[in-house]
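Structure record follows, encoded as structure tokens.
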Protein chains: 4
Amino acid sequence: MRRLPRQQRSRELVNRLIDATAAVITERGLDGTTTNHIAEKAGVSVGSLYQYFPDKEALLEALLERMGRDIGTKFRAWAEQFDVNRYPLRDVARTAVTVGLYMIRNDPLMRELVRNWNRVPTDRVLDQLEQVFLVIAQPYFLKNYRDYPVKNLEAKLYVVVNAAIFTTIRYLLQEPAPITEKDYIRAMTDMIVGLLDAPGARTPAPVSDPM
Amino acid sequence: MRRLPRQQRSRELVNRLIDATAAVITERGLDGTTTNHIAEKAGVSVGSLYQYFPDKEALLEALLERMGRDIGTKFRAWAEQFDVNRYPLRDVARTAVTVGLYMIRNDPLMRELVRNWNRVPTDRVLDQLEQVFLVIAQPYFLKNYRDYPVKNLEAKLYVVVNAAIFTTIRYLLQEPAPITEKDYIRAMTDMIVGLLDAPGARTPAPVSDPM
Amino acid sequence: MRRLPRQQRSRELVNRLIDATAAVITERGLDGTTTNHIAEKAGVSVGSLYQYFPDKEALLEALLERMGRDIGTKFRAWAEQFDVNRYPLRDVARTAVTVGLYMIRNDPLMRELVRNWNRVPTDRVLDQLEQVFLVIAQPYFLKNYRDYPVKNLEAKLYVVVNAAIFTTIRYLLQEPAPITEKDYIRAMTDMIVGLLDAPGARTPAPVSDPM
Amino acid sequence: MRRLPRQQRSRELVNRLIDATAAVITERGLDGTTTNHIAEKAGVSVGSLYQYFPDKEALLEALLERMGRDIGTKFRAWAEQFDVNRYPLRDVARTAVTVGLYMIRNDPLMRELVRNWNRVPTDRVLDQLEQVFLVIAQPYFLKNYRDYPVKNLEAKLYVVVNAAIFTTIRYLLQEPAPITEKDYIRAMTDMIVGLLDAPGARTPAPVSDPM
DNA sequence: CATGAATGAGTATTCATTCAT
DNA sequence: AATGAATGAATACTCATTCAT
């Protein structure tokens with residue numbers, strides 16, 4: 001029972017530093033974020049910061065890693081609660097796109113990171129997202145398309161997941177929005193469904209989608 | 001006799017500065033590029049540089065703008081020469097994706113810019129690309145799909161063009177490549193076709209794609 | 001039964017810390033040596049280190065002191081075993097110079113310290129060396145030059161000892177070596193002999209110096 | 001006549017920066033000297049400093065280089081004015097040692113640099129000094145010792161010059177002085193003369209060296 | 001118009017030392 | 001006595017931009 005204090009304190013501090021990083025980025029932007037700001041916000045000295053993170057980049061990595069985990073968890077929870085398998089692909093896709101769009105749009109931190117995705121170890125998040133969708137998608141296709149397996153599923157999932165993510169980022173970053181949100185979601189949904197559920201995508205095309 | 005020189009000189013100098021910008025970025029990377037380097041490479045003083053461009057960003061914008069125009073021109077030329085309208089959508093899409101992939105991969109300047117797309121006024125290029133594809137696509141759909149107009153074409157083109165571009169960028173930036181190039185091109189082509197030519201995309205679905 | 005432990009432990013720890021200092025300097029260079037490294041290498045906490053040494057400098061002093069003692073002991077042993085008194089001054093000098101040269105050149109720790117001699121309490125070693133040579137030299141001169149005592153022996157020994165040491169250091173630090181080792185040793189030997197055994201150096205000058 | 005201003009200004013600024021470096025080192029010691037201090041003392045911005053010197057070290061090198069040149073010039077002037085060749089070696093040596101001793105002792109900057117000689121590009125000065133003495137010495141020996149050329153003169157000069165310099169440095173840095181200045185100068189002079197002018201040093205050795 | 005010298009705010013990181021536990 | 005987490009002052013260097021000439 002007295003074993004943990006040290007570790008606990010450590011972990012607490014690490015978390016406080018990651019929180020501080022998130023806060024400072026939100027407040028001052030990625031460029032305005034300095035290690036000194038972060039330490040100050042976390043209520044520790046810079047020295048301590050460097051006791052727990054080798055450099056600024058490591059701090060960012062940790063933040064992104066955590067965000068990746070969080071987002072992954074959220075999506076998995078959503079998939080489970082939503083009981084994804086019960087719904088037609090189109091509904092699942094539309095909901096996922098909508099959820100993702102709103103998630104980024106409403107989170108200033110995420111917006112700032114997304115705006116700077118190439119200067120930031122985005123893979124920490126993207127890998128998680130890809131995995132999540134793969135994990136959600138695979139049983140879905142196994143269950144609902146057992147008889148008509150999708151050809152080349154892995155590559156298609158890679159493309160569709162990344163297309164969804166990056167096109168959404170692009171869409172959100174564009175000012176003014178070139179098309180309405182409704183149109184965006186519909187077109188994106190169409191694209192996802194078109195790839196995964198198109199006739200010719202599965203060996204014998206089943207029934208045509210009603211939408 | 002001395003009428004044009006001024007404007008001419010101006011335009012020449014502007015171009016020389018843009019060329020220098022491109023060259024310096026290629027040689028030293030975006031981060032290693034300073035206004036002094038650019039001025040030196042262009043053979044003028046920094047002062048002159050600032051006579052023609054209000055700041056560094058403007059220089060980048062001009063470069064990207066020009067690249068956008070060039071790429072647009074190239075693509076248009078390709079579309080015309082290739083006589084796009086004669087081919088089925090799938091062929092057109094596959095070729096366009098392949099051309100784009102190789103264009104970026106083989107151009108060091110483009111690679112460097114793509115790697116930093118979010119720090120750079122990428123819109124200057126993207127807008128051009130969107131337009132090009134719209135211009136290419138619209139008559140294509142008008143001609144080949146006259147009787148079965150694609151619903152919501154504008155939004156779909158926006159989504160598909162951006163998806164193609166950004167997913168390709170993501171794919172090129174990922175090391176190691178998560179799927180083979182062949183698989184990537186096929187899946188991306190499927191996605192484009194799936195969105196634009198899927199049954200249900202057009203009012204009465206025509207003949208199924210032979211793929 | 002528990003009488004000595006404390007003092008013993010203390011002394012042991014002090015030695016372990018000095019050993020650690022030597023080891024860390026050897027491994028990471030003087031600049032790369034931190035008190036934390038030393039404590040870690042010694043297997044104690046920094047806090048403990050500061051219980052035994054008021055500051056980093058004290059640690060260095062202790063190390064140098066110990067090295068001085070060791071070197072002194074070695075040289076004294078050499079002098080005794082070699083039975084210095086039996087040999088002509090030239091042989092003694094040449095051997096001493098050679099031994100010193102090799103001793104520094106072959107000991108990485110010594111090389112590192114010598115390279116930084118002015119940031120380090122070198123006196124701890126130099127004083128020892130001066131004393132050693134004085135102790136060696138005095139009986140030598142007493143015995144071999146009894147009838148012709150060297151004038152001003154103390155000052156001469158001071159000069160010659162320091163000249164030998166510092167010129168050797170300078171010689172070892174210079175890259176590339178400006179003269180061959182053989183030439184260096186010969187010239188240095190000549191210089192020592194020239195000062196201590198020159199005609200005119202001793203009272204009844206065998207041949208009066210014309211100068 | 002208007003050609004020079006730029007170069008002139010440059011050179012002036014360079015000199016001002018070197019002067020500032022000297023001044024700051026004198027005032028705050030080598031460790032307390034920062035590039036910002038130097039720029040401030042020189043009355044320019046740090047940026048300007050870095051326009052003329054790539055880094056702090058270059059500034060030190062320039063200072064030492066200049067000092068080397070100055071000292072070289074002074075010594076050469078002294079040699080010429082003193083008409084060195086007219087005097088016996090002993091007098092020349094004694095005077096040179098005395099001059100050197102006082103030169104360092106009376107110049108706080110030199111003292112600080114000498115104290116830190118191994119962290120500083122001392123070669124810039126030492127090389128000059130070695131050369132000066134060689135240039136002074138060679139004709140001297142040619143003229144005065146033509147008939148009895150000194151064996152191995154190059155190595156001997158190297159040893160004697162460095163011994164004189166470094167032993168003097170050591171002597172000046174030692175507090176309290178272990179021997180009187182008078183004794184020091186005498187012993188050092190003896191050593192120089194003993195090496196260069198000892199019987200056996202020149203070809204027809206009056207009395208053959210026993211070794 | 002052209003020049004290019006001058007500006008100076010801004011920032012990640014280290015490490016000797018302390019002191020609460 | 002021992003620990004080791006916390007401290008925080010201190011420093012070289014860059015580069016977009018200006019403006020006197």
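Letters A, B, ... are given to chains in the order of the sequence lines, protein chains preceding strands, and every chain is numbered from 1. Here the structure is a predicted model, which means the values were calculated and not measured.
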Counting only side-chain nitrogens and oxygens, does C/Thr35 get under 4.0 Å of the OP1 or OP2 atom of E/dA16?
yes
For D/Tyr52 and F/dC13, give me the distance from atom OH to atom P, rounded to whole Å.
18 Å
Going through the checks in order, is the side chain to side chain contact (heavy atoms under 4.5 Å, CB included) test met by A/Lys41 and A/Glu27?
CA-CA 11 Å; A/Lys41 175 71 91 183; A/Glu27 285 171 20; 2.8 Å; yes
Side chain to side chain contact (heavy atoms under 4.5 Å, CB included) assessment of B/Met67 paired with B/Leu109
CA-CA 10 Å; B/Met67 288 178 69; B/Leu109 172 60; 4.0 Å; yes
Any base atoms under 4.0 Å from D/Asn36, or only sugar-phosphate, or nothing? Heavy atoms, all strands.
base
Could you report the tightest heavy-atom contact between B/Gly29 and B/Thr33, atom names first, then the distance?
O-OG1, 2.8 Å
Between E/dA9 (P) and D/Glu40 (CD): distance, integer Å:
12 Å
Starting from P on F/dT11, measure out to CG on D/Leu59 and report it in whole angstrom.
16 Å
Can you tell me how far C1' in E/dC1 sits from the matching atom in F/dT21, rounded to whole Å?
13 Å
Thinking salt bridges, do B/Asp31 and B/Arg115 make one under a 4.0 Å N-O criterion?
no
Let me know the distance between CG of A/Leu17 and P of F/dT7, rounded to the nearest Å.
10 Å
Starting from P on E/dA16, measure out to CD on A/Gln51 and report it in whole angstrom.
13 Å
Integer-rounded Å distance: E/dC1 C1' and B/Tyr50 OH
18 Å
A/Leu49 atom CG is separated from F/dA5 atom P, nearest whole Å, by 15 Å
Return the nearest nucleotide to the side chain of B/Val46; candidates are F/dA16, F/dG8, E/dG4.
E/dG4
Applying side chain to side chain contact (heavy atoms under 4.5 Å, CB included), run through A/Val125 and A/Val120 and close with a yes or a no.
CA-CA 10 Å; A/Val125 172; A/Val120 144; over 6 Å; no
Comparing D/Gly32 with B/Thr33, nearest DNA chain F nucleotide closer to 5' gives the residue D/Gly32
Please assess C/Tyr52 against C/Leu59 for the test side chain to side chain contact (heavy atoms under 4.5 Å, CB included), listing each intermediate value before the final yes or no.
CA-CA 9 Å; C/Tyr52 292 96; C/Leu59 221 30; over 6 Å; no
Can you tell whether the side chains of A/Arg170 and B/Asp127 come within less than 4.0 Å, N to carboxylate O?
yes
Between A/Asp31 and C/His37, just flag the one whose closest nucleotide in DNA chain E comes earlier from the 5' side.
A/Asp31
Whole Å only: how far is the CZ atom of D/Arg11 from the C1' atom of E/dA5?
17 Å
Name the closest nucleotide to the D/Thr34 side chain, picking from F/dT11, E/dA16, F/dT7.
F/dT11
Apply side chain to side chain donor-acceptor pair (under 3.5 Å) to C/Glu40 and C/Asn36, showing your working.
CA-CA 6 Å; C/Glu40 193 189 16; C/Asn36 284 288; over 6 Å; no
Give one of base, sugar-phosphate or nothing for D/Leu13, where a contact means two heavy atoms less than 4.0 Å apart.
sugar-phosphate
Are D/Ser45 and E/dT7 close enough that a side-chain N or O sits under 4.0 Å from OP1 or OP2?
yes
Paired stretches of DNA chain E - 3 or more consecutive Watson-Crick or G-U pairs, each distance under 3.5 Å
E:2-21 with F:2-21
Scan C/Ser48 against the nucleic acid and name what it touches under 4.0 Å (heavy atoms): base, sugar-phosphate only, or nothing.
base
Side chain of D/Lys56 only, please: which of E/dT17, F/dT7, F/dA12 is the nearest?
F/dA12
